[in-house]
Structure formats: structure tokens, C-alpha cells
Amino acid sequence: MTKAYQTFVDGQWLHTDHAMEVINKFTGEAFATVPLADHALTLRAIAGAKKAFQTFRKTPAHQRSAILDKAVALIASREEEIAAVISQEAGKAWKFSINEVQRSAETFKFAAEEAKRLHGETIPVDASRFGENRFGYFIREPLGVIAAITPFNFPLNLVAHKVAPAIATGNTIVLKPASATPVSALILAEILEEAGLPPGVFNVLIGPGGEVGDALVVHPDCRKITFTGSPAVGGQIVRKAGIKKVTLELGNNSATIIEPDADLDKAAARCVVSAFANSGQVCISLQRIYVNRLCVDQFTRIFIDKVKALKVGNPLDKDCDVGPLITPSEVERIDGWVQEAVAQGAVIAVGGRGEGRMYQPTVLTQVTEEMKVMCMETFAPVVSIVAYDSFEQVLELVNGSEFGLQAGVYTNDINKALQAVDDLDVGGVMINDTATYRVDHLPYGGNKMSGLGREGIRFAMEDMTNIKMVMINSN
Ligand code: NAP
């Protein structure tokens with residue numbers, strides 16, 4: 001039985017002329033249908049959000065905070081239902097789906113708290129010799145309509161990372177979720193409506209990125225584009241958006257360094273989760289493990305034993321570790337990359353096989369930096385282990401990437417840890433952890449091709465406001 005969802009635009013639940021099936025990514029069968037938006041509905045959503053902004057921008061902070069708090073409770077009350085949707089639409093193993101729902105509730109909680117702390121500053125105007133007898137301060141004001149475009153791999157929490165700070169700051173939102181995973185966003189719309197969010201503040205449009213997404217990006221009434229997704233689409237968005245704020249959260253080929261003084265057992269256990277959670281489809285999935293030559297054999301043995309113990313299968317099974325990839329064509333793509341690496345000299349230590357929607361957790365050794373599995377974002381359950389000789393050399397290898405989201409360093413040597421913090425060209429350095437660590441109030445985002453700007457509630461909120469300077473002349 002497929003469930004027919006309606007979409008939520010301008011405070012109304014709607015069917016449209018065209019419905020799209022949402023596929024269970026493990027079985028390949030439809031489990032839901034959702035209405036597709038056309039151009040007219042896109043314009044209606046933007047107009048509705050623009051109108052709603054006129055009142056929502058004036059809503060007191062305590063009221064915005066209360067709505068967000070109510071959403072926290074409602075998300076928690078529907079935890080298992082939403083996790084089951086995420087496991088089906090994204091193919092995410094149950095334990096990671098539950099984790100995503102719990103994180104999303106926390107994301108809203110942080111926004112509920114930060115909504116009360118949004119403030120400006122006074123400026124010591126008389127620091128200028130032309131500024132005597134003047135009092136100056138700035139306030140932060142919401143922008144208006146924010147267009148949010150999100151990827152498939154965290155269909156709830158990456159939506160939450162855009163919607164919650166937008167509400168906290170008094171903006172209105174038009175969301176275009178990934179076409180593969182639209183249902184979580186519609187459930188969030190139900191929750192926000194029940195939480196008391198006024199009509200028009202949150203709108204969901206489901207449709208192809210090149211049509212609905214593009215229409216949002218170029219529309220003059222969308223005052224900010226907040227995008228999470230691939231570098232290719234991010235590049236197009238930044239070129240098309242024109243004069244408006246743009247935040248881009250893009251990809252990475254994340255690296256983690258293992259020094260010989262690390263606790264190898266602990267490090268290997270974390271690396272396995274970091275490489276294979278959500279079948280490697282995480283922007284900070286561990287892809288390159290650089291291990292000091294002094295301990296590479298020992299680390300590799302421990303790591304491979306743990307990889308062999310992973311349970312691959314139906315994401316709805318409570319003990320599943322690794323589910324399917326988002327599409328069978330992604331399985332073919334990554335299989336091609338692995339076969340190409342093998343032809344270039346890489347060795348498959350474990351895995352290396354794919355069929356249908358599933359790709360086995362795969363560990364490669366004897367790789368080179370030029371292979372696609374190393375220098376491009378794999379976004380699949382494939383990780384490579386590389387030996388290095390000196391700390392300076394490995395920092396250069398990590399920085400050799402065109403990406404720069406996060407990196408991890410296992411060492412108990414404080415000087416090496418601080419050298420890594422200083423020298424790595426990334427948005428976050430995780431000491432004694434892998435590149436994959438994130439909780440939702442940290443500033444999060446990448447350097448180089450990994451993006452523009454930072455999310456993490458407070459930081460997203462700052463970028464969803466304009467500063468207005470106020471000067472009072474007491475001369
Ligand atoms: P994607 O293909 O770039 O899609 C992301 C979103 O953009 C989808 O909603 C998509 O719509 C839409 N889109 C596609 N073409 C568009 C266009 N021309 N104009 C406007 N919107 C357009 O990415 P994905 O495959 O869903 O996600 C994987 C990527 O996201 C990876 O590169 C990953 O690293 C990155 N990611 C980054 C972060 C981070 O925080 N840095 C977090 C998670 C994921 P359709 O679905 O309809 O195509």
C-alpha cells in the first residue's frame with residue numbers, strides 16, 4: 001500500500017496534477033506518492049512566503065522560540081514513524097535513521113534557544129575622531145523569503161538545519177527537498193503546522209532540481225539560497241543566483257590521520273562507522289585513511305576484521321549496519337571507480353562487489369592520490385588505506401584535495417595536534433576522532449570546493465539576517 005501525501009504551500013495542503021512515486025531504496029517498490037510542483041505552484045509558494053513574511057518578521061522571539069520548542073516535542077513523539085520513512089526513502093540503516101530523527105529534534109531545540117539570543121551590538125562610535133557625540137548600535141533583521149534546497153542523504157536533519165534557523169530569525173521558507181527523499185520534509189510540514197507556525201511561513205515544493213530548484217535560485221524575491229548538495233550543482237547555483245546571499249554546503253573526500261601513538265582499536269572502530277554509516281553517503285564520510293607506516297599493518301588488520309563484521313541488508317532491520325545506495329546507477333558508478341582503481345594497481349582488501357541496489361563495504365590498499373576513489377568524492381561504502389612516513393608529508397597529502405570540509409587526526413602528541421589544526425585547510429579539525437564527527441550547534445562548513453559559509457544553528461542564523469546600523473546624533 002502506498003501512502004498518498006499532499007504538499008504544503010501557502011498554508012494549504014494540496015494535491016497537484018502530477019504525482020510522483022517515492023521508492024523504498026532497498027526493495028525498489030513505491031511506498032508513497034507525492035505531488036509534483038509546476039512553475040505556477042512555485043510562484044505561488046514564493047508569493048505566499050513573501051506575504052507571510054510581512055507579519056512573521058514581527059513575531060516576538062519568545063513566540064518563535066515556543067513554536068520551535070513545540071516542534072521538538074512533536075518530532076520526538078513521532079520518532080519511530082519518521083525513522084521508518086527515512087529508512088525507506090533514503091535506504092538508511094534503522095539505527096542511523098533514529099539517530100537522524102533525534103539529532104533533528106536537537107537541531108530544533110538549539111534554534112528554539114538561539115531564537116531568544118539573536119541580538120546586535122553597540123558600537124563605540126567615538127573611536128573615530130569624526131564620531132563624537134553620537135550613539136550607534138546595530139540590530140539583526142530577517143531577510144525575507146529563504147529558498148532552501150536539500151540533498152537526499154539526511155532528508156530530515158539537513159532540512160532542519162535550514163528551516164529551524166530561518167524560523168528562529170523570523171524569515172519565511174520555500175523548501176525544495178531532494179526528489180528521491182521528499183516524504184520526511186512533508187512530515188516536518190505537518191509538525192510545524194501543528195506547532196503553530198503561521199500559514200505561508202514554511203512551504204514545500206517537490207520537483208526536479210533543474211526546474212523547481214532553478215526557479216527558486218533565480219527568483220528576485222528569494223533573498224537567500226541555502227543549498228546543501230553536490231559541488232556541481234552548487235557551482236551552477238552560485239553562478240545563477242545574482243545578488244543575493246548564498247550558502248553552499250558541498251562535498252568532500254574526507255581524510256583521517258592515524259599516528260602510531262593512537263589507540264588503534266578505538267580509532268579503527270570509529271573509522272569503520274565513519275566510512276560505512278549511511279553506506280558512505282555522508283558529506284564527511286571517511287574516504288582516505290592515512291596511517292603511519294609504523295602501524296599501518298596492525299591498523300589494517302584490526303580495521304578489516306571490523307569491516308567483515310558489518311551487517312549489510314534491509315535498512316529496516318534493527319541490526320543493519322549498511323543499506324543500499326540511493327540508486328542502482330550509483331552502484332554501477334562506484335563499481336566502475338573501484339574496477340578502474342584495481343586496473344591502476346589498487347588492491348581490494350575486502351568487498352569490491354556490487355549488485356542491484358547494494359554495494360559491499362569495500363577497503364582498498366595500494367592506491368595512489370590520482371585515482372578517482374582518492375581524489376574525487378566517492379559517496380559510497382568505499383574507503384582507502386594509505387601508509388605515510390612523516391607528519392609533514394601526511395598534512396600535505398590531506399591538503400592535496402580540492403575539497404576542505406573536515407579532517408580527523410588521531411594522536412596524543414599535542415604538538416602534532418596543534419600543527420594539524422594550524423596547517424589543515426579545512427572547516428573543522430577533529431583531534432582523536434575521524435573527519436565524520438558532527439553535532440548540530442557547531443559551526444559547520446567547508447573551505448575550497450566544499451562550500452561557502454557555515455551552518456550550525458547560530459552561524460546559519462547570522463547569515464539569515466542583515467545588519468541594520470542605527471546612529472543617533474546627540475550634537
Ligand atoms: P545534488 O544532486 O546536488 O542535489 C541536491 C539538491 O539540489 C536536490 O534537491 C536536487 O534536486 C537539487 N538540484 C539539482 N539540480 C539543481 C539545479 N540545477 N538547481 C537547483 N537545484 C538543483 O546532491 P545529492 O546527490 O542529493 O547529495 C549528495 C551531495 O550532497 C554530495 O556531494 C554530498 O557531499 C553533499 N552534501 C553536503 C553536505 C554538507 O553539509 N556539506 C551534507 C550532505 C550532503 P533533485 O533531487 O530533484 O535532483
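Side chains included, hydrogens not; waters and symmetry mates left out as well; all remaining heavy atoms used. In each ligand, atom 1 is the first atom listed, and ligand 1 is the first ligand listed. Along the sequence shown, residues are numbered consecutively beginning with 1.
- Ion pair K50/D221 flagged as a salt bridge, since at least one NZ, NE, NH1 or NH2 atom sits closer than 4.0 Å to an Asp/Glu carboxylate oxygen.
- Of all atoms in ligand 1, numbered sequentially from 1 with element shown, those under 4.0 Å from a heavy atom of P231 are 32 (O).
- Considering only non-hydrogen protein atoms, atom 23 (O) of ligand 1 sits nearest to S230 N, 3.5 Å.
- Atom 9 (O) of ligand 1 has T150 O, 2.8 Å as its closest protein atom, hydrogens excluded (heavy atom only).
- Atom 12 (C) of ligand 1 has as its closest protein heavy atom I149 CG2, 3.6 Å.
- Of the possible donor and acceptor atoms, one in the side chain of S97 sits under 3.5 Å from a partner among the backbone N and O of K92.
- In the vicinity of N153, heavy-atom distances shorter than 4.0 Å reach the ligand 1 atoms 43 (C), 44 (C).
- Heavy-atom distances between Y444 and ligand 1 reach below 4.0 Å in at least one pair.
- Between L405 and V426, the closest side-chain pair of non-hydrogen atoms is not below 4.5 Å.
- Note on R103 versus E100: no salt bridge recorded, every NZ/NE/NH1/NH2 to OD/OE distance being 4.0 Å or above.
- In summary, the atoms of ligand 1 found under 4.0 Å from a heavy atom of S179, numbered by their order in the structure, are 45 (P), 46 (O), 47 (O).
- Note on D321 versus K95: salt bridge recorded, some NZ/NE/NH1/NH2 to OD/OE distance being below 4.0 Å.
- Judged by distance alone, the side chain of T362 and the main-chain N or O of G352 form a donor-acceptor pair under 3.5 Å.
- Between E89 and K25, none of the side-chain N atoms (NZ, or NE/NH1/NH2) sits under 4.0 Å from a carboxylate O, so this pair counts as no salt bridge.
- Around atom 5 (C) of ligand 1, the closest heavy atom drawn from T228, L405, L216, N278 belongs to T228.
- Using a 4.0 Å cut-off between heavy atoms, P177 contacts ligand 1 through its backbone alone, with no side-chain atom that close.
- For ligand 1 and C283, the ligand atoms under 4.0 Å from any heavy atom of the residue are 34 (O), 36 (N), 37 (C), 38 (C), 39 (C), 40 (O), 41 (N), 42 (C), 43 (C), 44 (C).
- From the protein, the heavy atom lying nearest to atom 20 (C) of ligand 1 is G209 O, 3.4 Å.
- Residue A178 approaches ligand 1 through these ligand atoms, each under 4.0 Å from one of its heavy atoms: 8 (C), 9 (O), 46 (O).
- Under a 4.0 Å criterion applied to the non-hydrogen atoms of Q236, ligand 1 contributes the atoms 18 (N).
- Looking at F227, F403, F379, it is F379 that brings a heavy atom closest to atom 33 (C) of ligand 1.
- Heavy-atom separations between P208 and ligand 1 include at least one value shorter than 4.0 Å.
- Heavy atoms of E377 found under 4.0 angstrom from ligand 1 belong exclusively to the side chain.
- Proximity of L158 to ligand 1, defined as any heavy-atom pair under 4.0 Å, is confined to the side chain (atoms from C-beta onward).
- Within a 4.0 Å radius of atom 40 (O) of ligand 1, the protein contributes one or more non-hydrogen atoms.
- Of the N or O atoms in F152, one or more lie within a sub-3.5 Å distance of an N or O in ligand 1.
- Among P151, G229, G234, the residue whose heavy atom sits closest to atom 29 (C) of ligand 1 is G229.
- In terms of polar-atom proximity, defined here as any N/O pair under 3.5 Å, K176 does make such a contact with ligand 1.
- Nearest heavy atom pair, residue E377 against residue Q287, reads CA-OE1, 3.7 Å.
- Between V22 and T181, every side-chain heavy-atom pair lies at or beyond the 4.5 Å cut-off.
- Using a cut-off of 4.0 Å between Lys/Arg side-chain N and Asp/Glu carboxylate O, R454 and D463 are scored as not salt-bridged.
- A cation-pi contact, defined as under 6.0 Å to the ring centre and within 45° of the axis, links R438 to Y444.
- Electrostatic pairing of E330 and R333 counts as a salt bridge here, judged by a charged N lying under 4.0 Å from a carboxylate O.
- Summarising the geometry, atom OG1 belonging to T226 is positioned 10.0 Å from atom CG belonging to L158; distances are rounded to the nearest 0.5 Å.
- Residue-ligand proximity, G207 to ligand 1, at heavy-atom distances under 4.0 Å covers atoms 47 (O).
- Contact atoms of ligand 1 toward D214: 19 (N), 20 (C) (distance under 4.0 Å to a heavy atom of the residue).
- A salt bridge between R78 and E190 is present, with a side-chain N of the basic residue lying under 4.0 Å from a carboxylate O of the acidic one.
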